[in-house]
Protein chains: 2
Amino acid sequence: MQQEKLATIEDVAAMAGVSIATVSRAINEPTKVADATRRRVTDAIARTGYTTNAMARSLRMRRSNMILILAPDVGDPNFSNILVGLETEASKRGYGLLIGNTQNDPSRETDYLRFISSNQADGLILFTGHLPYGLSQSPPAARLPPMVAVNEPVIGKGVPFVGVDNFEGARVATEHLISQGHRRIAYIGHAPHREVSRLREEGYRAALAGAGLTADPRLVIDGDGTTESGRAAAELMFVRDALPTAFFCVNDATAMGVMIALNARRYELPRQFSIMGFDDISFASFLTPSLTTMKQPRHRMGEAAMDLLLALLAGEEPTSREVLLRAELIVRNSVSRPSNQ
Amino acid sequence: MQQEKLATIEDVAAMAGVSIATVSRAINEPTKVADATRRRVTDAIARTGYTTNAMARSLRMRRSNMILILAPDVGDPNFSNILVGLETEASKRGYGLLIGNTQNDPSRETDYLRFISSNQADGLILFTGHLPYGLSQSPPAARLPPMVAVNEPVIGKGVPFVGVDNFEGARVATEHLISQGHRRIAYIGHAPHREVSRLREEGYRAALAGAGLTADPRLVIDGDGTTESGRAAAELMFVRDALPTAFFCVNDATAMGVMIALNARRYELPRQFSIMGFDDISFASFLTPSLTTMKQPRHRMGEAAMDLLLALLAGEEPTSREVLLRAELIVRNSVSRPSNQ
DNA sequence: ATCAGTGATGTAAAGGTTTTCATGATTGGT
DNA sequence: ACCAATCATGAAAACCTTTACATCACTGAT
């Protein structure tokens with residue numbers, strides 16, 4: 001049983017004493033071939049160790065059963081967990097995943113589109129929040145390849161989106177702080193043009209409004225989502241001498257920065273200040289105090305996005321162009337009732 | 001310029017007034033075609049928007065320019081950073097990456113091998129530390145597909161390996177502790193069958209031996225690499241009342257567990273106990289005290305592994321079957337001179 | 001006994017490349 | 001001026017499937 005040449009469908013056909021068409025049918029539409037014949041074929045397949053050549057198959061069928069993932073940074077744990085969800089669903093449905101790490105480099109984005117245009121991938125999952133460079137200037141008439149945005153929506157291009165309900169999540173988080181008795185609650189956001197941050201800020205404001213409160217402008221600061229920006233934002237409030245009793249941060253990294261600033265100033269947490277994050281990154285539970293936060297259902301997001309894309313590929317019109325999953329409140333130890341009520 | 005049917009090589013040939021063979025040559029071996037003709041062809045390519053159909057190309061050439069990555073968990077930041085390195089190098093050399101998340105499930109490992117046997121991938125990168133299930137029982141005579149193990153070696157199968165020099169790294173780490181004056185140094189390891197842990201323990205012992213010290217058996221404990229196991233190991237030492245002045249942990253997660261245990265017992269760090277980890281995970285610098293550790297050159301590991309695999313694919317005999325990169329000592333604040341010298 | 005319908009199989013085309021081999025044209029050396 | 005060598009190109013085979021269409025043998029109804 002030499003591996004020199006891989007067995008082809010012809011070898012199988014010869015061994016089973018049928019034509020290659022019958023072998024193909026026995027594999028792909030088993031009901032269309034007589035029982036006895038089918039047995040002979042499956043037997044021959046087993047004996048030869050035959051596997052269909054995916055290249056030939058894709059060439060003929062004009063589809064590859066591959067999905068291209070375009071992400072700025074696959075190393076980001078934020079993405080990689082969604083990736084696992086994408087992979088789970090894709091693999092279950094017989095699809096493979098091709099990864100394209102773009103590092104936000106337009107030329108790399110364009111470059112990866114060759115997988116689409118060369119038929120090497122049937123569809124596209126976008127983590128980038130924008131159309132890949134090579135597609136963005138096309139007139140809207142030009143048909144786009146089937147694609148789904150995940151985590152970060154592509155605004156105004158009609159790209160179906162799967163993500164977390166940021167507005168709702170931020171509202172739940174803020175309401176949690178309010179329910180503990182907080183009235184002066186700060187919000188530390190991302191750059192304002194980021195859709196994610198805008199929605200979370202709106203959710204924050206909605207929760208305040210719902211409790212008859214209004215946001216103190218001095219307590220709403222835009223950072224850039226990094227730990228350092230969280231630290232800087234907290235410091236800024238001390239300098240301005242406009243202090244909240246609780247901080248709601250656009251993400252856990254920012255929350256960690258706030259905690260670092262407060263620890264450095266020797267405040268006791270959460271007694272003197274409460275802190276909430278968003279994301280539930282892997283070490284949120286290991287901070288001191290462990291961080292109360294909103295957990296993103298990343299695995300499910302990946303599955304849902306892939307499911308939507310595969311439906312698109314199957315020609316189904318999606319029931320909705322936007323799937324929003326709920327973030328889950330994870331209560332830990334960084335929130336308590338305010339001391340100086 | 002309708003996108004209905006993609007332009008084929010034939011369209012280009014017709015427009016340029018040459019045969020398809022010439023078009024193919026103009027693309028792949030430009031020197032072999034006359035200047036004037038080449039210009040006409042490139043012009044026609046631009047006008048038609050032609051892209052080579054990768055399926056047809058792969059079918060004919062019997063290779064796909066794709067590499068399959070087999071990893072137990074792509075979400076693990078430990079892996080994902082290496083993945084970025086793999087991707088960088090692969091993309092630079094015109095290869096694409098296919099990801100296979102196996103979750104250590106033998107059936108998924110076997111399943112993913114179909115990409116190899118169906119010619120959809122030319123080579124294999126193994127993160128799993130063992131041959132994929134479908135290959136492991138083959139007689140050694142059966143030729144294995146080209147593959148390279150990364151991060152975790154595949155023992156005894158002659159699979160080329162790219163990883164960090166664990167022995168050397170552990171020695172450097174331990175020597176760092178010794179240089180600070182520590183004499184009683186604990187080692188908290190992984191499960192002993194893990195090659196990684198075994199090598200780091202050896203490096204630890206070598207450093208001790210080099211300084212004329214021997215390891216106190218009560219200070220060498222096997223955990224499982226989790227934060228919880230680090231906590232438990234430290235507790236165990238308190239229960240046994242056999243205490244070191246410094247802990248060297250097989251990884252940062254374990255070190256974090258040790259820090260949690262010591263913090264809970266209200267020790268002041270690093271004054272009363274020094275701690276070293278291994279890995280330099282993303283939040284090592286955010287712990288209090290920030291963690292002194294050995295940084296793994298993950299990005300470079302990925303690049304080196306891909307480079308090695310592509311050399312293998314090109315038919316070159318690898319210069320060495322093992323590439324070990326040095327870990328880098330990252331000095332932060334979790335190590336000081338022992339107080340009770 | 002005939003005919004329509006059904007079911008199982010085979011033939012051959014199509015999918016889009018790369019590459020071997022052949023052909024003709026051109027060059028350069030004598 | 002001729003021959004050999006080189007160069008540029010084209011025709012056609014090969015890569016391995018899937019599938020439309022044709023064929024043939026049956027079944028069951030008239």
Side-chain angles (χ1 to χ4, degrees), chain A residues 4-42 44-45 48-66 94 114-122, chain B residues 4-42 44-45 48-66 94 114-122:
Chain A
E4 282 311 309
K5 278 290 182 259
L6 257 49
T8 80
I9 200 172
E10 224 152 336
D11 302 331
V12 176
M15 179 174 295
V18 297
S19 76
I20 62 170
T22 301
V23 175
S24 175
R25 274 189 292 257
I27 295 171
N28 302 310
E29 310 160 291
T31 63
K32 292 202 171 177
V33 35
D35 282 9
T37 322
R38 178 152 33 86
R39 266 194 300 278
R40 287 214 311 287
V41 170
T42 38
I45 287 176
T48 53
Y50 169 74
T51 333
T52 44
N53 179 315
M55 283 8 219
R57 171 178 239 265
S58 298
L59 173 59
R60 175 60 221 239
M61 303 189 63
R62 284 218 192 73
R63 33 168 259 192
S64 56
N65 277 23
M66 286 279 155
R114 78 170 193 275
F115 285 103
I116 297 287
S117 56
S118 72
N119 275 323
Q120 231 167 151
D122 302 335
Chain B
E4 282 312 309
K5 279 289 182 256
L6 257 48
T8 80
I9 199 173
E10 227 152 337
D11 302 331
V12 176
M15 180 176 294
V18 297
S19 77
I20 63 169
T22 300
V23 175
S24 175
R25 273 189 291 257
I27 294 171
N28 302 308
E29 310 160 291
T31 64
K32 291 203 172 178
V33 36
D35 282 9
T37 323
R38 178 152 33 86
R39 265 194 300 277
R40 287 213 312 283
V41 171
T42 39
I45 288 177
T48 53
Y50 169 73
T51 334
T52 309
N53 181 315
M55 283 9 220
R57 170 179 241 265
S58 298
L59 173 59
R60 174 60 223 238
M61 301 191 63
R62 284 217 195 73
R63 32 170 261 192
S64 55
N65 277 23
M66 286 279 155
R114 77 170 194 275
F115 285 103
I116 297 287
S117 56
S118 72
N119 275 324
Q120 232 169 149
D122 302 334

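Residue numbering restarts at 1 for every chain, and letters A, B, ... go by the order of the sequence lines. Hydrogens, waters and symmetry mates are skipped; everything else that's a heavy atom, side chains included, is used.
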pair [X]-[Y]: side-chain heavy atoms closer than 4.5 Å:
| X | Y | answer |
| --- | --- | --- |
| A:N53 | A:T8 | no |
| A:I9 | A:S24 | yes |
| A:T22 | A:V33 | yes |
| B:R57 | B:N28 | yes |

Look at the side chain of A:R60 and the base of D:dT17, then say whether one donor and one acceptor between them are separated by less than 3.5 Å. no
Rounded to the Å, how far apart are [X] [atom1] and [N] [atom2]?
| X | N | atom1 | atom2 | answer |
| --- | --- | --- | --- | --- |
| A:D11 | D:dC16 | CG | P | 9 Å |
| A:L59 | C:dG16 | CG | P | 7 Å |
| A:N53 | C:dT17 | CG | P | 17 Å |
| A:R63 | C:dG15 | CZ | C1' | 15 Å |
| B:E10 | C:dA14 | CD | P | 11 Å |
| B:M61 | D:dC16 | CE | P | 14 Å |
| A:R62 | C:dA13 | CZ | C1' | 13 Å |

Could you check whether [X] gets within reach of a base, just the sugar-phosphate, or nothing at all, counting any heavy atom under 4.0 Å?
| X | value |
| --- | --- |
| A:S58 | nothing |
| A:T51 | sugar-phosphate |
| A:T8 | sugar-phosphate |

Please confirm whether the shortest side-chain N or O distance from [X] to OP1 or OP2 of [N] is below 4.0 Å.
| X | N | answer |
| --- | --- | --- |
| B:T52 | C:dT17 | no |
| B:N28 | C:dT18 | yes |
| A:R57 | D:dT18 | yes |

With sequence neighbours left out, the residues meeting salt bridge (charged side-chain N to carboxylate O under 4.0 Å, His left out) with A:R114 are A:D111
Sorted by position of nearest nucleotide on DNA chain C, 5' first, the leading residue of B:E29 and A:A56 is A:A56
At their closest point, which heavy atom of A:S64 faces which heavy atom of B:M55, and how far apart are they? CB-CE, 3.6 Å
Do you know which two heavy atoms are closest between B:V18 and B:V41, and how far apart they sit? CG2-CG2, 4.2 Å
What nucleotide, of D:dT19, D:dT17, C:dT18, holds the atom closest to the side chain of B:I9? C:dT18
Check nucleotides 9-11 of chain D against the protein and report each pair of N or O atoms closer than 3.5 Å, with its distance, or say if there are none.
| from | atom 1 | to | atom 2 | distance (Å) |
| --- | --- | --- | --- | --- |
| D:dT9 | OP1 | B:T37 | OG1 | 2.4 |
| D:dT9 | OP2 | B:A34 | N | 3.0 |
| D:dT9 | OP2 | B:T37 | OG1 | 3.4 |
| D:dG10 | OP2 | B:S19 | N | 2.8 |
| D:dG10 | OP2 | B:S19 | OG | 3.1 |
| D:dG10 | OP2 | B:T22 | OG1 | 2.6 |
| D:dG10 | N7 | B:R25 | NH2 | 2.9 |
| D:dG10 | O6 | B:R25 | NH1 | 3.4 |

